[in-house]
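Remarks on the structure that follows.
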Amino acid sequence: MDKPTDNPTAASNTSNQAAHARDWAMVALLLSVATVLGWYLDSRISLTSEAMLYVLAVVVAAYKFDWVKSAVCAVAAVTALNFFFVPPRFTFEVESQEHFIALVVMLVVALVISRLASSLRQETQLARLSERRAQQLQRLASELVMCGSVADVQTLAQRSFDQAFEGPNCLILNLSDEPLQDPVRPEPVEGQPLTNQGLRPFDKLTTGRAQSERLRVLQTLPNSLHEVAESEQWVQDGLRCCIQEAAVLGPGTGRWPGIDAWYVPLGSQKQQVFGAACIKPALSADVAGREHASAMGALVGQAMYRLELNRSMQQAQAQANRQQLHNTFLASISHDLRTPLSAIVGASSALLIQGDKLSSQERTQLLQSIDHEAQYLSAVTENTLQLVRMESAHQKLRMDWESVEEVVGVAMARMGSSSERVRLHLPPQIPLIRADPVLLTQLLVNLLENALKYSMQAVDIDVRLHANELELCVKDRGPGIDAQEQARVFDPYVRADRSGQRGAGLGLAVCKAIAQAHAGRLVLRSRKAGGCSFCLYLPLQTQQLATEALP
Amino acid sequence: MSVHVLIVEDDREIRNLLVSSLRVEGFEVSTAVTVHEAITMVEHSSPDVILLDLGLPDADGAELVKIVRRQSALPIIVVSARHEEEQRIQLLDLGADDYLTKPFSVAELQARIRVAMRHRGTALSAAVTAYDVDDLHVDLTTHRITRSGETIHLTPTEFKLLARLVRSAGRVVTHRQLLLDVWGGEFVEHTHYLRLYMGQLRAKIEKMPAQPRYLLTETGIGYRLADI
């Protein structure tokens, strides 16, 4: 075997011809050597020994070459012995009857030897091939374990099929609940049939629609290409049918025996079929090859089964996490709504029932408490709704050119009288930013509310311009946040506060979601002299607006 | 004669609340639950102000605004939840006069109604020509603007922008309306002009531009010139 493939017919035509010529030359050489040696030793050895030299040549030829060559070699050896050594020499005539019988016996012996030797050789080759196949299966199995994604399995399976079979092979793979993708075929290789050249019928990971569009395009092209499209359609149909039937189709299987390829399901009936492979060439007599292909298919199927199990486990985990989050959310929100609600109910029922007995000052106090609690409820509701909207992924941002001064100004105005404690540090000439003004204002309001709630001292708003981003920091001198809490404060329903201040833990989660929706970052830092600073970083648009050309 | 307010609201509790708090203040109040009912009411009982809630059961409030605007300058105040921005802007651009975001206080509501009444019959015409709040004085006929007695010089565009807001003082003016009236129809998408000119105008008029006293931002909607 010249080529290191496992395929007995893998050598291409031209190299086959050269090998044949070389083998014939070797046969001639062997016979010449036997003749020359016999001639040289003629004076010292008998005719029997000369016959033995020829038998030796026949044995060597039988072991090295195929049955036809060794048979030809056997006949030629007997002929040469007759011509050169059996008296009368240099004629094909045979003098004595004994010599004639000896020649016939020798011919029979030579033929039997060549026959036996070549079948021995074939068995050796088969043994080697099946050993190599066993090794390949083992290697494939161990490599499949390392595959973490469908694409990995796909690549590995394609490579393994191409190593084992001449091809062109192609395969499709999918996890069970995904739409079936188109088959993947390797790029055309030199020496393969012309129909594959310059055309890649199945691009990796194309969608079904793209595929059908391509087929439509192909139908408008000349006939030769039309045929290609048809053969692709064949392969596709074969693959789909193979997946449906979960059985090997093609020569020697009793199903679709007339086609030129095997369709091997990737997976087993017991588990599931995750795809199919089209294997060429397919000979009905090559039982071992078919079994190898189907064993490889089963291995690939197993790997896919493992991936699917992994995935469903992850899904279950995510589902559990979501459920957990949901429960935490409900618990947190209902606690947070119940407290102000009971205050409102208490105050309003007091006014309703005892209104006449209360002094006007007491009535005002109750009313103020109702107003205050209702405002708080409104803020919590707003943040909750905002978070739900941001997480629904359908939230569309209403991006516009916005002025940072304006956003800061609106947030300050919403703080009411407590904004007196806020100190602004705005540089002149802040460029406009692309932002959703409502969301950005909400982010700033949440940060300011937190800062004002936890710090009795002044709160600073610092805006700075960097090369390609804008930094907006809200800094307080409150109790600060522990290092181990810092990573978690942006998660929904997590509160770092243990001081008894009220809050649903939604504000910062909303801030983070808003920052991310603007392709920005929200960073929490502890301040050296106490307190913390929340800094928002927003990308600045590099494209400058033509402001000088304003009408 | 008392002011007649038509409340278009489908939630009974809020409707009752609005009715009682406005009646106490001496308004004459009638109510409608659907847009169609409201249209009939407008034709037959000729209210002075409409309070229109977004998200009514039968139809889009836009229909009511269009029908009313075809006939009169009857002031319409849109009441909406915070997330209903797009509808709110649409109605304002169609000709609604002002808006309120839920939840709102009765004081806010009364202030909005007062402003709307003041502008009644004067919408967009040049009837309002002067603005006089705190120490800022604007006289549109003489193009004279002073703050604490000091004259403020504006560029022509800055003046047009301020004049547009003065004519609607106390009411929200949407970005679109401002761009349309100051720059012209082809500039209605160019909100950055507005931002930059508003920044310049604030720098000249406001004492603390980042915490404006006069030129108020209505986030995502437009601007309002404070009238008290």
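Sequence lines set the chain letters: A, B, ... in the order given, protein chains first and strands last, and positions in each chain run from 1.
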field: Proximal component of A:Val438, with respect to chain B [non-hydrogen, under 4.5 Å]
entry: both
- request: Give a yes or no on this: more than 12 heavy atoms of other residues, nucleotides or ligands lie within 6.0 Å of atom CD of A:Gln354.
  value: yes
task: Can you tell me which residue pairs pass the side-chain hydrogen bond (donor to acceptor under 3.5 Å, both in side chains) test with a partner in residues 419-428 of chain A, sequence neighbours excluded?
output: A:Arg423-A:Asp460, A:His425-A:Asp460
Nearest non-hydrogen partners of B:Gly220 and A:Pro437, listed with the distance: CA-CG, 3.7 Å
message: Report, in residue-number order, which members of residues 203-212 of chain B are under 4.5 Å from chain A by heavy-atom distance.
response: B:Ala210, B:Gln211
- line: Within residues 514-521 of chain A, the residues sitting under 4.5 Å from chain B by heavy atom, in sequence order, are none
Crowding at CD, A:Gln361 (>12 non-hydrogen neighbours, <6.0 Å): no
task: With a 4.5 Å cut-off on heavy-atom pairs, point out which of A:Glu405, A:Met412, A:Glu402 contacts chain B the most.
output: A:Glu402
query: What pairs with B:Arg114 under side-chain hydrogen bond (donor to acceptor under 3.5 Å, both in side chains), at least two apart in sequence or on another chain?
result: none
- request: Check each atom of A:Arg414 against the heavy atoms of chain B and say whether the ones under 4.5 Å are side chain, backbone, both or neither.
  value: side chain
Leading residue by heavy atom contact count with chain B [cutoff under 4.5 Å; candidates A:Thr441, A:Val407, A:Asp400]: A:Asp400
message: In the structure I gave you, are the side-chain heavy atoms of A:Glu406 and B:Arg202 within less than 4.5 Å of one another anywhere?
response: yes
task: Any chance you could measure B:His192, atom NE2, to A:Leu432, atom CG, to the nearest 0.5 Å?
output: 8.0 Å
field: Side chain to side chain, A:Arg398 and B:Ile89, heavy atoms closer than 4.5 Å
entry: yes
- prompt: By a 4.5 Å heavy-atom criterion (distance strictly below it), what part of A:Ser403 contacts chain B: side chain, backbone, both, or neither?
  reply: both
message: Would you say CZ of B:Arg195 has more than 12 non-hydrogen atoms from neighbouring residues, nucleotides or ligands within 6.0 angstrom?
response: yes
message: As an exercise, state the distance from CH2 of A:Trp401 to CG of B:Leu196, rounded to the nearest 0.5 Å.
response: 10.0 Å
message: Can you tell me which portion of A:Gln375 sits under 4.5 Å from chain B's heavy atoms? Options are side chain, backbone, both or neither.
response: neither
